[in-house]
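What follows is a single structure, written as structure tokens, with notes after it.
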Amino acid sequence: MDGRVCLARTDAERAPLVRRLGRIEGQVRGLRAMVEADRHCLDEIQQIRAATAALREVGLLIIGQHVTVGLDLALHAADRAAVMADLERVLRAAMAEAG
């Protein structure tokens, strides 16, 4: 563990993340094409907002997975304090990004 909760995702847990990231890549490519074509700024901003919202959703999925694994570990691990400290670090990092 090394003071950090590390996930070993199953294919079923990884697949929705990879799928969403693929869509985000498409959104970013679309944004680049918009910039290269000098599209209206509002169109570009809407595309940025869509990509940002999609990234936020991926982040929430990742946090959810981390918290689920971390809480399970905290219930069964000898070093509960280290697990809880890691969960707090992850949540603090997520909140800092949101602000």
Query raised in the report: Does one hydrophobic cluster hold both Ile45 and Leu31, with members joined at side-chain heavy-atom distances below 4.5 Å?
Result: yes
Query - Arg80: partners by side chain to side chain contact (heavy atoms under 4.5 Å, CB included), with sequence neighbours left out - result: none
Requested in this report: Look at atom CE of Met34 and say whether more than 12 heavy atoms of other residues, nucleotides or ligands are closer to it than 6.0 Å.
Outcome: yes
Query raised in the report: So, Gln27 side chain and Gln47 main chain: donor-acceptor pair closer than 3.5 Å or not?
Result: no
Query - Partners passing side chain to side chain donor-acceptor pair (under 3.5 Å) against Arg14 (at least two apart in sequence or in another chain) - result: Asp11
Query - Minimum-distance pair of heavy atoms, taken over all atoms of Val35 and Glu44 - result: CA-OE2, 3.5 Å
Report summary line: Rounding to 0.5 Å, atoms OG1 (Thr68) and CG (Leu73) come to a distance of 11.0 Å
Query raised in the report: With a 4.5 Å heavy-atom cut-off, do His66 and Asp86 have their side chains touching?
Result: yes
Query raised in the report: So which heavy atom on Glu13 is nearest to which on Gln65, and how close?
Result: O-NE2, 3.1 Å
Report task. Evaluate the side-chain proximity of His76 to Asp72: yes if any heavy-atom separation is below 4.5 Å, no if none is. Result -> yes
Query raised in the report: Is any side-chain heavy atom of Arg9 closer than 4.5 Å to a side-chain heavy atom of Leu17?
Result: yes
Query raised in the report: In Å and rounded to the nearest 0.5 Å, what is the CG to CD1 distance from Leu91 to Ile63?
Result: 6.5 Å
Report summary line: Applying side chain to side chain contact (heavy atoms under 4.5 Å, CB included) to Leu75 and not counting sequence neighbours gives none
Query raised in the report: Are Leu21 and Ile62 connected in the hydrophobic side-chain network, where two residues link if heavy atoms are under 4.5 Å apart?
Result: yes
